[in-house]
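Per chain, numbering begins at 1; letters A, B, ... match sequence-line order. Note: hydrogens, waters and symmetry copies are ignored here, and every other heavy atom, side chains too, is used.
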Amino acid sequence: MASRALREVGLLELYETIERPLVPVLAHMERAGIRVDRQRLDEFSRELELALERATRDIYVHAGEEFNIGSPKQLATILFEKLKLPPLRKTKTGYSTDADVLEQLALGHELPAKIIEHRTLAKLKSTYADSLPTLINARTGRIHPSFNQLVAVTGRLSSSNPNAQNIPIRTELGRRIRAAFVAEAGHRFLAADYSQIELRILAHVSGEESLVEAFRRGEDIHRRTAAEVFGVPLDHVTPQQRDVAKTTNFAVIYGVTAFGLSRGLDMTQKQAQEYLNQFFARHPKVKGYLTRTVAEGRERGYVSTLLGRRRYLPELRSGNPNLRGFGERMATNAPIQGTAADLVKIAMVRVARELAARGLRSRMLLQVHDELLFEVPQAEIETMRTLVQEKMENVHSLSVPLLVELGVGPNWRDVE
DNA sequence: GGGAAAGGCTTG
DNA sequence: GTACGAGCCTTTCCCA
């Protein structure tokens, strides 16, 4: 019987208290769906079309001929054969033309920047502005994403048809897509985000005092890291130093390598290695935690989250150094990403339970890994602010506080 | 004509 | 040779 097998591997509680109760919560979210403003997207699509036509004409002029801009193969021929620009990186089948490469090439020619612009516009148009309206359900007038519980190996959810977890936010143009996700008349969206949840989990599981103390004091964690790594007082940290520290912090969570960090920071591998050495010198317990986690994974064959969720990693015993390296990065990342996923899922179950128990009309609509989005009747806004923040922040007691940031607004872009 | 692979871009 | 986890789009290739 399944529950006996789960009990034997210590996963019964995870199943009974998190995964199974989550099923009806996800079902409710899928049935609820979310409203998107078709007119707004259609209008934006027409604007994008005009911008694409302009960009296309520009590109043909700079290239000296017409070609299919959507074809990396044809683009590579133009850039690296016709225009003799330097090929910076290879793919399996030819020369890479990705955004990183094009940004470098843009320093020496006008065409690459135009290609980037064209790709940005084409992406927004095809994936979002033109696709989302086709997914509007005729009966509900809303789109109904699927939340997949059995896809991501770390325990995260994924989302499809559409993927509601990669709606643009980083650029002004992209945020116009987000603005088309609108709350029902008489309602507002309430967005609740965990602040720095993965770094807080790293602080907790490693026991690293400098991180734990910084979070307890409510400090800017990247600034604090910069001060330590660069050996300067907190108020002498430059924005550039903070940026380096921020990237380094993420690199550690991702399973750090000097190579990867050097790419992220646009510096030599040697310089990146020096930052890492300095980081680990100042954070010895983080170093110890990472080493311990990999060793344990190698011995047991799997690594675990705080709540016992497992990721099996046979790669850790591979004789192939490349494969083993992958395994080691996955081993350091999975417990952190997976613990965050566990905590968010628990919070979802508890918030849903509270909504039902109190007969509230607010509905949970989306989960984006460390964020929950609710549709809230005007009259319930203050109640929901308090309820959601309390349930999320107190989901589990750690050695550092969990902080949730709230925003309210008429659409998913303008929540503040 | 259709499916799979490749390359690329979006997000946390 | 490399950052961790996903999904969707267009082009290209290959086979029936």
Checklist entry - Given atom CG of L366(A) and atom P of dG7(C), what is their separation to the nearest angstrom? => result 16 Å
Next on the checklist: Could you check whether atom CD of E390(A) has more than 12 heavy atoms from other residues, nucleotides or ligands sitting under 6.0 Å from it?
Outcome noted: yes
Checklist entry - So what does T247(A) hit on the nucleic acid, given a heavy-atom distance under 4.0 Å: a base, only sugar-phosphate, or nothing? => result base
Next on the checklist: Rounded to whole Å, please give me the gap between CD1 in I201(A) and C1' in dC4(C).
Outcome noted: 14 Å
Item to check | Whole-angstrom distance between dC4(C) and dA4(B), as gauged at atom P | outcome: 26 Å
Checklist outcome for this item: dA3(C) -> Watson-Crick or G-U wobble partner, both distances under 3.5 Å, gives none
Checklist entry - So what does I253(A) touch, heavy atoms closer than 4.0 Å: a base, only the sugar-phosphate, or nothing? => result nothing
Item to check | Presence of R156(A) side-chain N/O under 4.0 Å of dA6(C) phosphate oxygens OP1/OP2 | outcome: no
Item to check | Pi-cation contact, F326(A) with R329(A) (under 6.0 Å, within 45°) | outcome: yes
Next on the checklist: Output the rounded distance in Å from CG (L290(A)) to P (dA3(C)).
Outcome noted: 18 Å
Next on the checklist: How many whole angstroms separate atom CD of E371(A) from atom C1' of dG5(C)?
Outcome noted: 17 Å
Checklist entry - Does R142(A) pair with E375(A) as a salt bridge, N-O distance under 4.0 Å? => result yes
Checklist entry - Residues in side chain to side chain contact (heavy atoms under 4.5 Å, CB included) with S206(A), at least two apart? => result E208(A), V286(A), Y289(A)
Next on the checklist: Suppose you measure atom P in dG5(C) against the same atom in dG3(B); what distance do you get, rounded to whole Å?
Outcome noted: 29 Å
Next on the checklist: Strictly below 4.0 Å: does R311(A) bring a side-chain N or O up to OP1 or OP2 of dG5(C)?
Outcome noted: yes
Next on the checklist: What contact category does R170(A) fall into here, base, sugar-phosphate, or nothing, at under 4.0 angstrom with non-hydrogen atoms?
Outcome noted: base
Next on the checklist: Does any part of the side chain of E103(A), heavy atoms only, come nearer than 4.5 Å to the side chain of P112(A), both counted from C-beta?
Outcome noted: no
Item to check | Contact list for DNA chain C against residues 121-155 of chain A - heavy-atom distance below 4.0 Å | outcome: K123(A), S126(A), T127(A), S131(A), V151(A), A152(A), V153(A), T154(A)
Checklist entry - Taking CD from Q165(A) and P from dC8(C), how many angstroms apart are they, rounded to a whole number? => result 11 Å
Next on the checklist: For a quick check of understanding: with a heavy-atom distance under 4.0 Å over all strands, which category does A99(A) fall into, base, sugar-phosphate or nothing?
Outcome noted: sugar-phosphate
Next on the checklist: Taking E49(A) first and then K125(A), would you say they form a salt bridge - that is, a charged N and a carboxylate O separated by under 4.0 Å?
Outcome noted: yes
Checklist entry - Are R40(A) and E43(A) ion-paired here, with the side-chain N under 4.0 Å from a carboxylate O? => result no
Please list every donor-acceptor pair under 3.5 Å in which a side-chain atom of residues 334-347 of chain A meets a protein atom from a residue at least two apart or in another chain.
from: Q337(A); atom 1: OE1; to: T154(A); atom 2: OG1; distance (Å): 2.8
from: Q337(A); atom 1: OE1; to: R156(A); atom 2: NE; distance (Å): 3.4
from: Q337(A); atom 1: NE2; to: N333(A); atom 2: OD1; distance (Å): 3.3
from: T339(A); atom 1: OG1; to: L306(A); atom 2: N; distance (Å): 3.1
from: T339(A); atom 1: OG1; to: P335(A); atom 2: O; distance (Å): 2.5
from: D342(A); atom 1: OD1; to: R309(A); atom 2: NE; distance (Å): 2.8
from: D342(A); atom 1: OD1; to: R309(A); atom 2: NH2; distance (Å): 2.8
from: D342(A); atom 1: OD2; to: T305(A); atom 2: OG1; distance (Å): 2.6
from: K345(A); atom 1: NZ; to: E19(A); atom 2: OE1; distance (Å): 3.2
from: K345(A); atom 1: NZ; to: E19(A); atom 2: OE2; distance (Å): 2.7
from: K345(A); atom 1: NZ; to: G155(A); atom 2: O; distance (Å): 2.8

Checklist entry - Can you check the I177(A) CD1 to dC9(C) P distance for me, whole Å? => result 13 Å
Item to check | H109(A), NE2: over 12 other non-hydrogen atoms inside 6.0 angstrom | outcome: yes
Item to check | Side chain of Q337(A) - closest among dA3(C), dG5(C), dG1(C) | outcome: dG5(C)
Checklist entry - Between atom CD1 in I69(A) and atom C1' in dC9(C), what is the gap in whole Å? => result 16 Å
Checklist entry - Base, sugar-phosphate, or nothing for R324(A), non-hydrogen atoms under 4.0 angstrom? => result nothing
Checklist entry - If you count the non-hydrogen atoms of other residues, nucleotides and ligands that lie under 6.0 Å from CZ in R31(A), is the total more than 12? => result no
Next on the checklist: Categorize T97(A) for me: base, sugar-phosphate, or nothing, with a 4.0 angstrom heavy-atom threshold over every strand shown.
Outcome noted: sugar-phosphate
Item to check | Counterpart residues, side chain to side chain contact (heavy atoms under 4.5 Å, CB included), relative to T56(A) (two or more places apart) | outcome: Y60(A), I69(A), H118(A)
Checklist entry - Is the gap between the ring centers of Y275(A) and F230(A) under 6.0 Å? => result yes
Checklist entry - Which part of the nucleic acid, if any, lies within reach of I336(A) when heavy atoms closer than 4.0 Å are counted: base, sugar-phosphate only, or nothing? => result nothing
Next on the checklist: Any carboxylate oxygen within less than 4.0 angstrom of a Lys/Arg side-chain nitrogen, looking at R224(A) and E228(A)?
Outcome noted: yes
Checklist entry - Rounding to a whole Å, what distance do you find between I167(A):CD1 and dC9(C):C1'? => result 14 Å
Next on the checklist: Whether N320(A) contacts dG1(C) is assessed here as follows: a side-chain N or O lying under 4.0 Å from the phosphate OP1 or OP2. Is that the case?
Outcome noted: no
Item to check | Interface residues of residues 70-79 of chain A with DNA chain C (non-hydrogen, below 4.0 angstrom) | outcome: G70(A), S71(A), K73(A), Q74(A)
Checklist entry - Does a nitrogen or oxygen in the side chain of N166(A) sit under 4.0 Å from OP1 or OP2 of dA6(C)? => result no
Item to check | Nucleotide interval of DNA chain B bounded by contacts with chain A (heavy-atom cut-off, under 4.0 Å) | outcome: dA6(B) to dG12(B)
